Amino acid sequence: MPTMRIHLCGVRGSTPAPGIEFVRYGGHTSCLALSHNDDDSGSGTRRGADARRPTLILDAGAGLQRVSPLLGGEPFDGTILLTHLHWDHVLGLPFFAAADDLDARISLLLPEQEDSRASAESVLAELMSPPYFPIEPSQLRGQWTFATIAPGKLQIEGFDVLAREIPHKGGRTFGYRISDGRSTLAYMPDHCPTTLGPGEDGFGEYHPGALELAGGADVLVHDAVLFPEELAAQADFGHSVADYAVELGKRAGARVVVLFHHHHNRTDDILDGLARRLGSDGGPGYAPEVVVAAEGTVLEP
Ligand SMILES: [Zn+2]
Ligand SMILES: [Zn+2]
């Protein structure tokens with residue numbers, strides 16, 4: 001019986017991609033919303049009948065707008081967990097309607113920064129304050145708290161969370177492994193494994209951190225920004241080739257690989273081509289099922 005529900009609220013990377021060429025896969029940037037699917041979880045105990053509403057949000061890109069309709073008009077009561085602070089992962093924060101409510105309770109967690117004395121709120125305020133934006137984090141309505149986290153194990157909203165630092169570019173970045181005790185999601189939207197070397201296939205190292213996060217996961221949501229023919233010219237952009245995500249899933253024994261964080265210039269037709277090239281239903285014998293992330297999809301591993 002499925003227990004975890006994963007809403008793909010934003011699947012695009014770098015910058016939103018509006019327009020008729022992007023309608024089927026969606027143009028909002030990174031955001032996943034997780035809920036417990038039954039009432040016997042830790043979260044269910046606290047939330048009772050509201051247990052199916054999302055309580056844990058991964059990244060706050062433009063897709064965060066899509067979480068409010070999932071809450072049935074109720075204020076958000078839960079945690080937003082950021083992988084890192086790049087624009088495409090935080091730009092939805094001030095536009096989260098269900099948090100813009102005096103009764104909302106939002107715990108915002110982000111990776112501890114290189115200057116560990118910097119508070120989470122002051123780090124966020126560097127990118128969200130005048131003249132860059134009209135308000136600061138402290139002026140958001142609702143009961144917001146801000147904190148940093150270190151790599152390791154945490155308990156968040158009734159989920160077991162493992163945080164590991166993974167290579168990306170320009171700022172400390174975490175990948176997460178999230179389990180409800182029955183289903184496991186691995187989430188690495190921005191990952192540059194070539195930072196550690198080319199690896200056997202030239203797509204980057206299948207390093208211990210990535211293998212630990214993805215090991216035996218029911219769902220691996222992974223960076224698929226680049227196509228192989230782009231790697232030579234764009235290796236220093238901080239991202240993965242889609243083929244790396246599939247091979248990581250294979251090596252780690254993941255059941256489903258979700259190709260994610262699509263480049264903003266990938267039209268629906270181009271992503272259909274990616275699905276034809278790498279998509280798989282898992283087939284006979286072991287190979288992960290491979291799907292191209294589409295906004296609005298709900299996964300129940
Ligand atoms: Zn990104
Ligand atoms: Zn990034």
Side-chain angles (χ1 to χ4, degrees), residues 7 9-10 12-18 26-35 43 46-47 50 53-150 154 156-157 159 161 163 168 170-174 176 187 189-190 264 295:
H7 297 264
C9 297
R12 195 63 59 171
S14 305
T15 190
H28 284 125
T29 62
S30 299
C31 182
L32 267 56
L34 274 57
S35 55
S43 176
R46 183 167 60 79
R47 297 180 59 87
D50 296 338
R53 294 193 182 125
T55 52
L56 177 57
I57 294 172
L58 303 178
D59 283 330
L64 187 56
Q65 292 177 65
R66 293 189 64 118
V67 179
S68 299
L70 304 176
L71 295 165
E74 294 292 316
F76 181 64
D77 181 358
T79 297
I80 299 174
L81 180 61
L82 303 179
T83 54
H84 62 310
L85 290 165
H86 288 168
W87 290 346
D88 51 321
H89 298 256
V90 297
L91 64 88
L93 278 175
F95 307 106
F96 184 15
D100 186 24
D101 184 307
L102 292 175
D103 292 328
R105 179 196 65 87
I106 311 98
S107 166
L108 181 77
L109 302 176
L110 55 97
E112 191 175 79
Q113 298 300 292
E114 267 126 42
D115 176 2
S116 59
R117 292 163 304 172
S119 74
E121 187 171 346
S122 67
V123 172
L124 268 182
E126 286 178 35
L127 62 91
M128 184 179 161
S129 60
Y132 310 107
F133 195 75
I135 60 166
E136 299 179 7
S138 62
Q139 294 173 288
L140 290 166
R141 284 203 298 179
Q143 302 161 49
W144 289 76
T145 56
F146 306 91
T148 58
I149 59 169
L154 303 110
I156 305 175
E157 305 295 344
F159 293 97
V161 177
H168 180 35
R172 201 172 188 209
T173 300
F174 285 180
Y176 295 112
Y187 180 60
D190 295 53
H264 51 275
E295 190 176 307

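None of the values given here were measured: they were computed from a predicted structure.
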Backbone N/O of [Y] and side chain of [X]: donor-acceptor pair under 3.5 Å:
X: Thr173; Y: Gly171; answer: yes
X: Arg12; Y: Gly26; answer: yes
X: Gln65; Y: Gly92; answer: no
X: Arg66; Y: Gly10; answer: no

Non-hydrogen side-chain atoms of [X] and [Y] separated by less than 4.5 Å:
X: Thr55; Y: Phe159; result: yes
X: Leu85; Y: Gln113; result: yes
X: Leu93; Y: Ile80; result: yes
X: Pro130; Y: Glu136; result: yes
X: Leu58; Y: Thr83; result: no
X: Ile149; Y: Leu81; result: yes

If every non-hydrogen atom of [X] is compared with every non-hydrogen atom of [Y], which pair is closest and at what distance?
X: Pro54; Y: Ala33; answer: CB-CB, 3.8 Å
X: Cys31; Y: Gly61; answer: CB-N, 4.3 Å
X: Pro16; Y: Leu91; answer: CD-CD2, 4.4 Å
X: Ser35; Y: His7; answer: OG-NE2, 4.4 Å
X: Thr29; Y: Ala62; answer: OG1-N, 2.8 Å
X: Ala98; Y: Ala104; answer: O-CB, 3.6 Å

Measuring from [X]:[atom1] to [Y]:[atom2], what's the distance to the nearest 0.5 Å?
X: Asp103; Y: Gln143; atom1: CG; atom2: CD; result: 7.5 Å
X: Ser138; Y: Met128; atom1: OG; atom2: CE; result: 8.5 Å
X: Ser107; Y: Ile156; atom1: OG; atom2: CD1; result: 7.5 Å
X: Asp59; Y: His86; atom1: CG; atom2: NE2; result: 11.0 Å
X: Trp87; Y: Leu127; atom1: CH2; atom2: CG; result: 9.5 Å
X: Phe96; Y: Asp101; atom1: CZ; atom2: CG; result: 10.5 Å

For the residue pair His84 and His89, categorise the inter-ring angle as parallel (less than 30°), tilted (30 to 60°) or perpendicular (more than 60°). tilted
Check the angle between the aromatic planes of Trp144 and Phe146 and answer parallel, tilted or perpendicular using the 30° and 60° thresholds. parallel
My understanding is that only one of Thr148, Leu82, Thr145 makes a side-chain contact (heavy atoms from CB on, under 4.5 Å) with Leu108; could you say which? Leu82
State, without any angle test, whether Asp88 and His264 hold a side-chain donor-acceptor pair at a distance under 3.5 Å. no
Which pairs count as ring pair (Phe, Tyr, Trp, His ring centres under 6.0 Å) when at least one residue sits in residues 113-138, sequence neighbours excluded? Phe95-Phe133
